[in-house]
*Asks:* 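If you scroll down you'll find the structure; I have some questions about it.
Proteins get letters first, then strands, A, B, ... in listed order; numbering begins at 1 in each. Since this is a predicted model, take the numbers as computed values, not measurements. Heavy-atom basis, side chains included; hydrogens, waters and symmetry copies ignored.
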Number of protein chains: 2
Amino acid sequence: MKSAVEPLKARRIYLLLRDRIVAGELPPGGRLPGEPALAAEHAVSRVTVRRALDLLEKEGLVQRKAGSGTFVHDTRAVRPIVADLSNVLSHLIDMGRSTDVKLLSFGYGIPSESIAESLGLKPGERVQRSVRVRLIDGEPFSYLTTHVPEWIGLTYSEAELAARPLLELIERSGVTTERATQAINATLAGPEAAAALDLEIGSPLLTLTRIVYEPSGRGVEHLHALYRPDRYSFHMDLVRTGNDGERRWSPALGWPRTDKSKTDKSKLGEKPTRSTRAIKQRS
Amino acid sequence: MKSAVEPLKARRIYLLLRDRIVAGELPPGGRLPGEPALAAEHAVSRVTVRRALDLLEKEGLVQRKAGSGTFVHDTRAVRPIVADLSNVLSHLIDMGRSTDVKLLSFGYGIPSESIAESLGLKPGERVQRSVRVRLIDGEPFSYLTTHVPEWIGLTYSEAELAARPLLELIERSGVTTERATQAINATLAGPEAAAALDLEIGSPLLTLTRIVYEPSGRGVEHLHALYRPDRYSFHMDLVRTGNDGERRWSPALGWPRTDKSKTDKSKLGEKPTRSTRAIKQRS
DNA sequence: CAAAGCTGTATTATTCATCATACAGGTTCC
DNA sequence: GGAACCTGTATGATGAATAATACAGCTTTG
């Protein structure tokens, strides 16, 4: 007899309405059904509908006008930063210079088994672990946990880490980085990440796990990044390659990625378009 | 007087413990603190701790043994499918795993403004909209919503859509697909997606929004995909290209798919330990 | 074996989200 | 202006999640 944990009705209503909005069912600028109507439709009280709408309003998805109604906010004005995957790290390095970094934690110790394994460390080898938050325009958008073998980490100071891109520091130590693997996934915000990113616990997050290798194959950096999906997303252009028999999509390389291509014709789907404000790498 | 909506303490504990586990703070196979200890540590009742552990157990992250304790399940055995970003679906077929498709919805109508805009449709032009769920080994892992211009959609039947890849059908209609853009993000599962993917409402999801263009620049397919992060994740290998002055990371193309590194590197996991306590639960 | 610790389970009290209802005040439309 | 909407706000009642406590049965340790 388990009571099925039906997590907060308000949350359910919130997610339902959110889906309708982003799916375009409720067009931007349109008015959504009144609170009594919504309450009846979903068989909940108006108070609950109200709390769902509070969440939507806080996310900027709707705008409420007393006496008039609740309207779908034109979300196309606020778009997340788009990071081009075809050009990942240089993009991040660029960003490392135009954004602020807050160093939350810094120290040395024995890594967990999984970290040690992915870096190819011998048992007992120590690592430097750091936790940073990156902010753009003063707003946090990424929560970065990095592990670096101790012998590399010792070549720079805590202050340097807070000021310069980690990869630059690694290369300065004499290591050459040649290959990297990364995986993208999604997760929920735990207490620490939620606090650092100014989010509610349980908010969705984009995750990026990247391991950078030196030519010999040993790992020199293990990065685990959490991104706020409303402020950051990955983007890539694909081109069709191969012959008829074996046709694939491949990332478009070396293609003129002047960011103005998104200003006229948006190709971002979902919450596309019209880059009113947002990103400019300078700020 | 807003009561800050502190969604379910059990959920908070669940997320906290989950983070510790995937961060490696609690090593696989290790025993985590007893339920009374956890209850005291987080100032909640044992019942609540219990419900958090129920969630962890349902996710397969821990294994409980009556009379003995709760142990971190060796999660390295069950890893999500890793999809190479440059070769998304053919990869699955290579693995010899059977993917089924369930067609949930099929029909024609006027698209939302954002869809119409991203496909480059004229006002009033109609689209075919379909919702499908893809399963691997009988388990759902993706929820796909596609929009295709009507003149293309009419060239194939509902039954064909359920049986063959959409892109194949589009090309069969005479259209050549050459270019595409896609964006990756994260979101929470709404009621429909949650039901289709056999998840709780509010679970994290990976999203992929892809728009495929024909040479003339008109959009021929708008795909919005939701993936279960525990069963699917994106992976890519990067190589360093360019000269000293302008060094960049680019996706490695045509890489050998039998690379074993992807099977053990895709582990996400980690997060700082900061408090340093815990983790010494040996045996 | 016995003690100590653990998970599994049940019971009751308390706290908090939700409900149902009512009313104030703004907006829209006739 | 006035009727019919709407959002904003407050009230007490109800129900669900959590807290506090107790005990059974199993596992490990000495």
Side-chain angles (χ1 to χ4, degrees), chain A residues 1-17 21 26 29-73 191 200-202, chain B residues 1-17 21 26 29-58 60-73 191 200-202 278 280-283:
Chain A
M1 261 29 149
K2 198 141 298 174
S3 60
V5 177
E6 188 186 303
L8 303 215
K9 297 190 180 181
R11 188 183 189 81
R12 199 220 296 278
I13 309 293
Y14 155 70
L15 289 169
L16 190 96
L17 292 175
I21 291 173
L26 305 167
R31 206 198 86 220
L32 42 91
E35 292 173 3
L38 288 172
E41 181 184 353
H42 302 105
V44 297
S45 87
R46 212 191 115 199
V47 186
T48 305
V49 167
R50 203 127 225 301
R51 296 196 21 190
L53 293 178
D54 286 343
L55 292 173
L56 289 172
E57 189 179 30
K58 209 171 66 175
E59 308 252 304
L61 279 169
V62 301
Q63 197 170 357
R64 304 162 99 173
K65 290 192 185 103
S68 175
T70 303
F71 301 84
V72 178
H73 186 261
E200 298 291 322
I201 290 177
Chain B
M1 248 71 122
K2 197 143 300 176
S3 59
V5 176
E6 187 185 302
L8 303 212
K9 296 191 180 182
R11 189 182 189 81
R12 199 221 294 279
I13 308 294
Y14 155 71
L15 289 170
L16 191 101
L17 292 175
I21 291 173
L26 306 167
R31 206 199 81 222
L32 42 92
E35 293 173 3
L38 286 173
E41 181 183 354
H42 302 105
V44 298
S45 87
R46 212 189 118 204
V47 186
T48 304
V49 167
R50 204 125 225 301
R51 302 208 6 199
L53 293 178
D54 286 343
L55 292 174
L56 289 172
E57 189 178 30
K58 210 171 65 174
L61 279 169
V62 303
Q63 196 170 357
R64 305 162 97 173
K65 291 194 183 98
S68 176
T70 303
F71 300 85
V72 178
H73 187 261
E200 298 290 322
I201 289 177
K280 42 205 65 144
Q281 301 267 3
R282 221 44 264 211
S283 70

*Asks:* Grab the CZ-P distance between B:F71 and C:dT7 for me, whole Å please.
*Replies:* 9 Å

*Asks:* Compare side-chain N and O positions of A:K9 against OP1 and OP2 of D:dA16 and report whether any pair is under 4.0 Å apart.
*Replies:* no

*Asks:* Does any part of the side chain of A:L55, heavy atoms only, come nearer than 4.5 Å to the side chain of A:R51, both counted from C-beta?
*Replies:* no

*Asks:* How close or far is atom C1' of D:dT18 from atom NE2 of B:H42, stated in whole angstroms?
*Replies:* 16 Å

*Asks:* Would you please name every residue forming a side-chain hydrogen bond (donor to acceptor under 3.5 Å, both in side chains) with A:T48, sequence neighbours left out?
*Replies:* A:S45

*Asks:* If the helix axis at each end comes from five base pairs, how far does the helix from C:dC1-D:dG30 to C:dC30-D:dG1 deviate from straight, to 10°?
*Replies:* 30°

*Asks:* Just verifying a value: how many Å separate B:R11 CZ and B:L15 CG, rounded to the nearest 0.5 Å?
*Replies:* 6.0 Å

*Asks:* Listed by chain and number, what are the side-chain contact (heavy atoms from CB on, under 4.5 Å) partners of A:L16, not counting sequence neighbours?
*Replies:* A:R20, A:H42, B:P191, B:E192

*Asks:* Residues two or more places apart in sequence or in another chain: which of them pass side-chain contact (heavy atoms from CB on, under 4.5 Å) with A:P33?
*Replies:* A:A37, A:L38

*Asks:* So do the side chains of A:L32 and A:L53 get within less than 4.5 Å of each other, counting heavy atoms only?
*Replies:* yes

*Asks:* Return the value, rounded to whole Å, for the distance between atom CZ of A:R12 and atom P of C:dT18.
*Replies:* 11 Å

*Asks:* For A:A52 versus A:Y14, what's the shortest heavy-atom pair and its separation?
*Replies:* CB-N, 3.6 Å

*Asks:* Give the table of side-chain donor-acceptor pairs shorter than 3.5 Å for residues 60-69 of chain A, with sequence neighbours excluded, one pair per line with atom names and distance.
*Replies:*
residue: A:R64; atom: NH1; partner: A:D54; partner atom: OD1; Å: 2.5
residue: A:R64; atom: NH2; partner: A:E35; partner atom: OE2; Å: 3.2

*Asks:* Check the distance between C:dC19's P and A:L8's CG and give it to me in whole angstrom.
*Replies:* 11 Å

*Asks:* Scan nucleotides 3-7 of chain D against the protein and return all N/O pairs shorter than 3.5 Å with their distances rounded to 0.1 Å.
*Replies:*
residue: D:dT7; atom: OP1; partner: A:T70; partner atom: OG1; Å: 3.3
residue: D:dT7; atom: OP2; partner: A:E35; partner atom: N; Å: 3.0
residue: D:dT7; atom: O4'; partner: A:G67; partner atom: N; Å: 3.3

*Asks:* In whole Å, what is the span from the CZ atom of A:R11 to the C1' atom of C:dC16?
*Replies:* 17 Å

